[in-house]
Amino acid sequence: MTNLKYSFANKNALVTGGAQGIGFEISKLFLEAGAQVTIADYSEGALDNARRELGKFSATLKTQVLNVTDRGSCQALADITTNLHILVNNAGITRDKSLAKMSDEEFDQVIQTNLTGVYNVTKALLSKFDAVAPKRIINLASVVALYGNFGQTNYVAAKAGVIGMTKTWARELGKKGFTSNAIAPGFIMTKMTQAMPKEVLEGITTKVPVARMGETRDIANAALFLASEEASYINGTVLSVDGGLVL
């Protein structure tokens, strides 16, 4: 038995929100596996940083400013995209507050980015996938979409909607050579979580059966698996990458 090593040579991948955090790690691992990667992100500054950090992949890396809430921006991305094989819908935001304190604007912003944005990007790019090769849609959901979470009415609703769209696309697009799957990350160590007080992080860790927070690479590894030929019969699933948090 040999160790599995992914190769995405001659494959084109596009990652939204790919210049920071989990999206950056996903982009990096696809590049390391030989894919040609387009990082689409709202922040020009983050794109500049990503290009610098991924400089050795300049021959196989493209970047594009993208506002997933703007269908014109999504169409502009589609206009420069051809022969797509892998789409990772990762772009997202949070605006956490309890229902009583949440503003209509905060609710709408998260729904428009985290849910409508996934629709906008996927709809715009659907005709840009390679006509013959296997095609992969991978959507970033969250474990909170499976059990709810205090102070995240907007985020939970959006991510639950992403799961619903993922399963619907699995049914609609399966006969056309697509698989559509979602990843539901648990508590992941990012720059944002690293800034939390130590006692808060320790409290989070005690809730996870494997007794640690996840790394961005844990999620990126799951994305590579779902994009691989080894996952060709996995369709319409939600892969929880959470150390057992939802048990």
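Position 1 is the first residue of the sequence; numbering continues from there.
Cluster annotation: Ile86 and Trp169 are assigned to distinct hydrophobic clusters (Ile/Leu/Val/Met/Phe/Trp/Tyr, side-chain heavy-atom contacts under 4.5 Å, transitive). Hydrophobic clustering, with ILVMFWY side chains joined whenever heavy atoms are under 4.5 angstrom apart, groups Val65 together with Ile39. Cluster membership for Phe30 and Ile219, using ILVMFWY side-chain heavy atoms within less than 4.5 angstrom, is shared. Ile26 is connected to Tyr6 through a chain of hydrophobic side-chain contacts under 4.5 Å among Ile, Leu, Val, Met, Phe, Trp and Tyr, so both are in one cluster. Note: the hydrophobic cluster containing Val208 also contains Tyr147 (ILVMFWY, side chain heavy atoms under 4.5 Å, direct or indirect links).
The closest side-chain heavy-atom distance from Val88 to Thr16 is not below 4.5 Å. A 4.5 Å side-chain heavy-atom check between Thr168 and Glu172 finds at least one atom pair inside the cut-off. Two residues are said to be in side-chain contact when any heavy atoms from C-beta on lie closer than 4.5 Å; Arg95 and Thr113 fail this criterion. Using a 4.5 Å heavy-atom threshold, the side chains of Pro134 and Arg136 count as touching. Using a 4.5 Å heavy-atom threshold, the side chains of Val241 and Pro185 count as separate. Put simply, the side chain of Thr216 does not reach to within 4.5 Å of the side chain of Met189, judged on heavy atoms. Looking only at side-chain heavy atoms (C-beta outward), Asn139 and Asn181 stay at 4.5 Å or farther from each other. Counting only heavy atoms from C-beta outward, the side chains of Leu115 and Tyr119 never approach each other to under 4.5 Å.
Contact check on Lys11 versus Asp130 returns no salt bridge, with no Lys/Arg side-chain nitrogen under 4.0 Å from an Asp/Glu carboxylate oxygen.
The main-chain N or O of Gly17 is found under 3.5 Å from a side-chain atom of Asn90 such that the two form a donor-acceptor pair. Panel note: side chain Asn235, backbone Ala170; a donor-acceptor pair is recorded below 3.5 Å. Formation of a donor-acceptor pair under 3.5 Å by the Ser232 side chain with backbone atoms of Glu229 is found in this model. Looking at Ser142, its side chain does come within 3.5 Å of a backbone N or O of Val144 through a donor-acceptor pair. The main-chain N or O of Thr166 is found under 3.5 Å from a side-chain atom of Ser180 such that the two form a donor-acceptor pair. Between the side chain of Lys167 and the backbone N or O of Gly236 there is at least one donor-acceptor pair closer than 3.5 Å. Under the 3.5 Å distance criterion, the side-chain polar atoms of Lys159 are matched with a main-chain donor or acceptor of Leu140.
Side-chain contact annotation: Asp41 with Ser43, donor-acceptor N/O pair under 3.5 Å absent. There is a side-chain donor-acceptor pair under 3.5 Å between Thr122 and Asn89. Residues Arg51 and Thr63 have side chains that bring a donor and an acceptor to within less than 3.5 angstrom of each other. Under the 3.5 Å distance criterion, with hydrogens and angles disregarded, a donor-acceptor pair is assigned to the side chains of Gln75 and Asp79.
Here NZ of Lys62 is found 7.0 Å from CD1 of Ile80. Values are rounded to the nearest 0.5 Å. To the nearest 0.5 Å, atoms CG (Asp70) and OH (Tyr42) are separated by 9.5 Å. Residue Ile163 holds its CD1 atom at 12.0 Å from CD1 of Ile183, rounded to the nearest 0.5 Å. Here the straight-line distance linking atom OG1 of Thr81 with atom CD of Gln64 works out to 8.0 Å at 0.5 Å rounding. Put simply, CD1 on Ile137 and CE on Met165 are 10.0 Å apart, with the number rounded to the nearest 0.5 Å. To the nearest 0.5 angstrom, Thr190 atom OG1 is 12.0 Å from Glu25 atom CD.
Taking all atoms of both residues into account, the shortest heavy-atom contact from Ala141 to Ala182 is CB-CB, 4.4 Å. Considering all non-hydrogen atoms of both residues, Ala124 and Cys74 come closest at CB-O, 3.8 Å. Nearest heavy atom pair, residue Ala91 against residue Val68, reads CB-CG1, 4.1 Å. Closest approach of Ile111 to Ala157, counting heavy atoms only: CD1-CB, 4.2 Å. Scanning all heavy atoms of the two residues, the minimum distance from Leu14 to Ala40 falls at CD2-CB, 4.3 Å. Summarising the geometry of Glu106 relative to Lys101, their closest heavy-atom pair is OE1-O, 4.1 Å, with the distance given to 0.1 Å.
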Q: Evaluate the side-chain contact (heavy atoms from CB on, under 4.5 Å) criterion for residues Asn221 and Leu29: first the C-alpha distance (whole Å), next the side-chain angles of each, then the deciding distance (0.1 Å), finally the verdict.
A: CA-CA 8 Å; Asn221 284 331; Leu29 260 62; 3.2 Å; yes
Q. Are Met213 and Ile204 close enough, and set up right, to give a side-chain contact (heavy atoms from CB on, under 4.5 Å), and what steps lead you there?
A. CA-CA 8 Å; Met213 291 183 66; Ile204 290 173; 4.3 Å; yes
Q: Please lay out, stage by stage, how Phe8 and Leu224 fare under the test side-chain contact (heavy atoms from CB on, under 4.5 Å).
A: CA-CA 9 Å; Phe8 291 97; Leu224 260 66; 3.9 Å; yes
Q) Can you check side-chain contact (heavy atoms from CB on, under 4.5 Å) on Phe187 and Leu245, steps first, answer last? A) CA-CA 9 Å; Phe187 294 128; Leu245 183 64; 3.7 Å; yes
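More than 12 heavy-atom neighbours from other residues, nucleotides or ligands sit within 6.0 angstrom of CG on Asn49. Annotation: Lys128, atom NZ; neighbour count of heavy atoms from other residues, nucleotides and ligands within 6.0 Å is above 12.
Under the 30°/60° scheme for interplanar angles, the aromatic rings of Phe178 and Phe129 are found to stand perpendicular.
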